[in-house]
Asker: 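I'd like to ask some things about the structure below.
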Amino acid sequence: MKLLRVGPAGAERPIVLGEDGTAYDLSGRTRDLDGAFLAGLDPAALARDAAAGVLPVLDLDGLRVGAPVPRPGKVVGIGLNYRDHAAEAGAAIPAEPVVFLKPGSTVVGPYDEVLVPRGGEKTDYEAELAVVIGRTARYLDSHAEAAGVIAGYTIANDVTERAFQFERGGQWDKGKSAETFTPLGPWLVTPDEVADPQALTLRLWVNGERRQHGSTAEMIFPVLELVRYASRFMVLEPGDVVITGTPAGVTLGRPGTPYLAPGDVVEIEIDGLGRQRQVLGKA
């Protein structure tokens with residue numbers, strides 16, 4: 001099942017896509033695709049209602065697509081989770097997941113403008129698989145328990161200002177937290193449609209040039225371990241998002257390649273999860 005949110009920023013309405021791509025309006029069922037909705041989500045029942053014509057049809061032509069979840073309580077980032085990316089960054093393979101936090105205010109829609117922050121000099125892209133949490137998770141003991149708290153998957157661009165990340169006091173959060181720095185979407189795809197989250201291909205282009213092409217099979221720590229691990233250090237709540245790291249090909253690892261600038265176009269796709277596109281602007 002694919003869920004999305006459409007409409008002006010701050011006034012999106014929840015949508016479910018039928019098997020044939022028909023969009024059904026969920027506004028009569030829920031105010032939003034928020035934590036309360038995700039905690040009670042029953043994909044099979046929702047699919048039956050869509051197929052039975054119980055839900056009103058909505059024409060999506062011309063409507064903005066927002067992030068597939070409203071502003072999350074937190075975005076949990078994972079750094080250096082692909083061996084080739086760690087190598088290009090000149091970093092050792094981590095013994096445990098590298099965890100950082102991004103504020104919910106960084107989240108925007110998959111086609112929204114991404115802003116180079118004031119004072120930014122080295123704005124970079126990172127194509128990532130994102131995990132949306134559907135049930136409260138604390139101190140999970142197993143991968144089976146981790147699987148049980150996942151509402152679905154989507155695409156993230158973990159936009160990063162490298163100058164802030166590495167040259168302004170050593171705090172990664174400084175380089176990760178600017179407004180618009182986490183485009184999400186277009187869809188939240190429920191786990192029943194993702195046969196294996198460790199068998200997905202990620203691709204990213206800048207101005208039509210392919211920069212990243214990797215597979216989630218190359219993760220150092222797999223998705224279920226990341227969710228289990230994070231729950232040992234913080235409570236994961238419905239609607240929270242875990243972004244799982246990026247493969248090689250970021251600008252940081254391409255000496256001589258210019259960083260992103262206003263007017264540049266970044267496009268990302270992941271198998272089965274759709275495609276997003278951002279045009280860079282300036283804060």
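In what follows, residues are counted from 1 in the order of the sequence shown. Computed from a prediction, not measured in an experiment: that's the story for all the values here.
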Asker: Which atoms form the tightest heavy-atom contact between Pro110 and Val65, and what is the distance?
Answerer: CD-O, 3.4 Å
Asker: Can you tell me if Arg211 uses its side chain to pair, donor with acceptor, with the backbone of Trp205 under 3.5 Å?
Answerer: no
Asker: Please check: side-chain N/O of Glu12 versus main-chain N/O of Gly10, any donor-acceptor pairing under 3.5 Å?
Answerer: yes
Asker: Flag the pair Gln278 / Tyr111 as yes when at least one side-chain heavy-atom distance between them is below 4.5 Å, and no otherwise.
Answerer: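 Not touching, per the 4.5 Å side-chain cut-off.
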Asker: If you compare all heavy atoms of Pro94 against all heavy atoms of Ile220, which two are closest, and at what distance to 0.1 Å?
Answerer: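 Answer, listing the atom of Pro94 first, then Ile220: CD-CD1, 3.9 Å.
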Asker: Would you indicate whether Arg254, at its atom CZ, is surrounded by more than 12 heavy atoms from other residues, nucleotides or ligands within a distance under 6.0 Å?
Answerer: yes
Asker: In this structure, would Leu273 and Leu188 fall into the same cluster of hydrophobic residues linked by side-chain contacts under 4.5 Å?
Answerer: no
Asker: Any chance you could measure Asn157, atom CG, to Thr106, atom OG1, to the nearest 0.5 Å?
Answerer: 11.0 Å
Asker: Is it the case that the side chain of Asp124 and the backbone of Thr160 share a donor-acceptor pair, with hydrogens and angles ignored and the cut-off at 3.5 Å?
Answerer: no
Asker: Assess the residue pair Arg162 and Tyr259 against the criterion (side-chain hydrogen bond (donor to acceptor under 3.5 Å, both in side chains)); give the C-alpha distance rounded to whole Å, side-chain angles, the decisive distance to 0.1 Å, and a yes or no.
Answerer: CA-CA 9 Å; Arg162 302 295 185 192; Tyr259 282 92; 5.3 Å; no
Asker: Using side-chain heavy atoms (C-beta onward) and a distance below 4.5 Å, is Val6 in contact with Leu58?
Answerer: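 They are in contact (side-chain heavy atoms under 4.5 Å apart), so the answer is yes.
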Asker: Looking at Gln276 and Ile268, would you say the former's side chain and the latter's main chain have a donor-acceptor pair under 3.5 Å?
Answerer: no
Asker: Salt bridge check: are Lys176 and Glu128 linked by an N-O gap of less than 4.0 Å?
Answerer: no
Asker: Could you walk me through whether Val16 and Leu55 pass side-chain contact (heavy atoms from CB on, under 4.5 Å), step by step?
Answerer: CA-CA 9 Å; Val16 61; Leu55 302 171; 4.0 Å; yes
Asker: Could you grab the distance from atom CG of Leu184 to atom OG1 of Thr154, nearest 0.5 Å is fine?
Answerer: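 Going from the CG atom of Leu184 to the OG1 atom of Thr154 covers 6.0 Å.
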Asker: Donor-acceptor pair, Asn81 side chain versus Met219 backbone, under 3.5 Å?
Answerer: no
Asker: Of the non-hydrogen atoms in Val206 and Leu204, which two are nearest, and what is the gap between them?
Answerer: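 Val206 and Leu204 have their closest heavy atoms at CG2-CD2, 3.8 Å.
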Asker: Using atom types as modelled and distance alone, determine if a side-chain donor or acceptor of Ser231 lies under 3.5 Å from a backbone N or O of Leu140.
Answerer: yes
Asker: Atom CZ of Arg5 and atom CZ of Arg64: how far apart are they, to the nearest 0.5 Å?
Answerer: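 It comes to 8.0 Å.
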Asker: In terms of hydrophobic clustering (I, L, V, M, F, W, Y; side-chain heavy atoms under 4.5 Å; direct or indirect links), are Val108 and Leu129 co-clustered?
Answerer: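 Each belongs to a different hydrophobic cluster.
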Asker: Nearest 0.5 Å, what's the CG-CZ distance between Leu80 and Phe221?
Answerer: 10.0 Å
Asker: Do Phe233 and Val76 sit in the same hydrophobic cluster, where Ile, Leu, Val, Met, Phe, Trp and Tyr count as joined when their side-chain heavy atoms come under 4.5 Å apart?
Answerer: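 Yes: a chain of side-chain contacts under 4.5 Å links Phe233 to Val76.
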Asker: Hey, does the side chain of Glu161 reach the backbone of Thr123 with a donor-acceptor pair shorter than 3.5 angstrom?
Answerer: yes
Asker: State, with a plain yes or no, whether a side-chain heavy atom of Phe181 is found less than 4.5 Å away from one of Pro117.
Answerer: yes
Asker: Looking at CD of Glu193 and CE of Met1, how far apart are the two atoms once the value is rounded to the nearest 0.5 Å?
Answerer: 8.0 Å
Asker: Taking atom CD of Glu209 as the centre, report whether more than 12 heavy atoms of other residues, nucleotides or ligands fall under 6.0 Å from it.
Answerer: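 Yes, because the 6.0 Å sphere around CD of Glu209 holds more than 12 heavy atoms from other groups.
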Asker: Test side-chain contact (heavy atoms from CB on, under 4.5 Å) on Leu200 and Tyr153; report intermediate values, then the result.
Answerer: CA-CA 11 Å; Leu200 303 175; Tyr153 301 93; 5.8 Å; no
Asker: Got Phe166 and Trp172 here, is their nearest side-chain heavy-atom distance under 4.5 Å?
Answerer: yes
Asker: Provide the closest heavy-atom pair for Pro247 versus Leu202 in the form atom of the first, atom of the second, distance.
Answerer: CD-CD2, 4.3 Å
Asker: If you count the non-hydrogen atoms of other residues, nucleotides and ligands that lie under 6.0 Å from CZ in Arg168, is the total more than 12?
Answerer: no
Asker: If we ignore angles and hydrogens, is there a donor and acceptor under 3.5 Å between the side chains of Glu237 and Thr136?
Answerer: no
Asker: Any chance you could measure Tyr82, atom OH, to Thr246, atom OG1, to the nearest 0.5 Å?
Answerer: 7.0 Å
Asker: With salt bridge (Lys or Arg N to Asp or Glu O under 4.0 Å) as the rule and sequence neighbours excluded, what pairs involving residues 82-105 come up?
Answerer: Lys102-Asp158
Asker: Looking only at heavy atoms, what is the nearest atom pair of Val189 and Lys2, with distance?
Answerer: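 Shortest heavy-atom contact: CG2-CG, 4.1 Å.
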Asker: Would you say Val131 ends up clustered with Tyr229 if hydrophobic residues are merged whenever their side chains have heavy atoms under 4.5 Å apart, either directly or through other cluster members?
Answerer: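 Result: yes, single cluster for both.
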Asker: Indicate yes or no for a side-chain donor-acceptor contact from Gln198 to the backbone of Thr216 under 3.5 Å, with no hydrogens or angles considered.
Answerer: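 Pair found, side chain donor or acceptor close to backbone of Thr216.
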Asker: Using the rule given for side-chain contact (heavy atoms from CB on, under 4.5 Å), can you reason through Val57 versus Tyr24, listing the C-alpha separation, both sets of side-chain angles and the distance that settles it, and then say yes or no?
Answerer: CA-CA 4 Å; Val57 174; Tyr24 298 94; 3.7 Å; yes
Asker: Could you check whether Arg71 pairs with Asp34 (Lys NZ or Arg NE/NH1/NH2 to Asp/Glu carboxylate O, under 4.0 Å)?
Answerer: no
Asker: Which heavy-atom pair separates Pro183 from Gly109 by the least distance, and what is that distance?
Answerer: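 Minimum heavy-atom separation between Pro183 and Gly109: CB-O, 3.8 Å.
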Asker: Using a 4.5 Å cut-off on heavy atoms from C-beta on, say whether the side chain of Met234 contacts that of Val99.
Answerer: yes
Asker: In a table with atom names and distances, give each donor-acceptor pair under 3.5 Å that connects a side chain of residues 39-53 to protein atoms at least two apart or in another chain.
Answerer:
unit_1	atom_1	unit_2	atom_2	d
Asp42	OD1	Ala44	N	3.3
Asp42	OD1	Ala45	N	3.2
Asp49	OD2	Arg29	NH1	2.9
Asp49	OD2	Arg29	NH2	3.0

Asker: Can you confirm whether Tyr125 sits close enough to Thr251 that some side-chain heavy atom of one is under 4.5 Å from a side-chain heavy atom of the other?
Answerer: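 Yes, at least one pair of side-chain atoms sits under 4.5 Å.
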Asker: Under a 4.0 Å threshold between the charged nitrogen and the carboxylate oxygen, would Arg228 count as salt-bridged to Glu145?
Answerer: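 Between Arg228 and Glu145 there is no salt bridge, as every charged N stays at least 4.0 Å from the carboxylate O atoms.
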Asker: Taking a hydrophobic cluster as the set of Ile, Leu, Val, Met, Phe, Trp and Tyr residues connected by side-chain heavy atoms closer than 4.5 Å, whether directly or through intermediates, do Val98 and Leu224 fall within one such cluster?
Answerer: yes
Asker: For the side chain of Thr244 and the backbone of Val223, is there at least one donor-acceptor N/O pair under 3.5 Å apart?
Answerer: no
Asker: Within the structure provided, determine whether Leu260 and Val114 are in side-chain contact (heavy-atom separation under 4.5 Å).
Answerer: no
Asker: Quick one: does Thr180's side chain get under 4.5 Å of Val159's, heavy atoms only?
Answerer: no
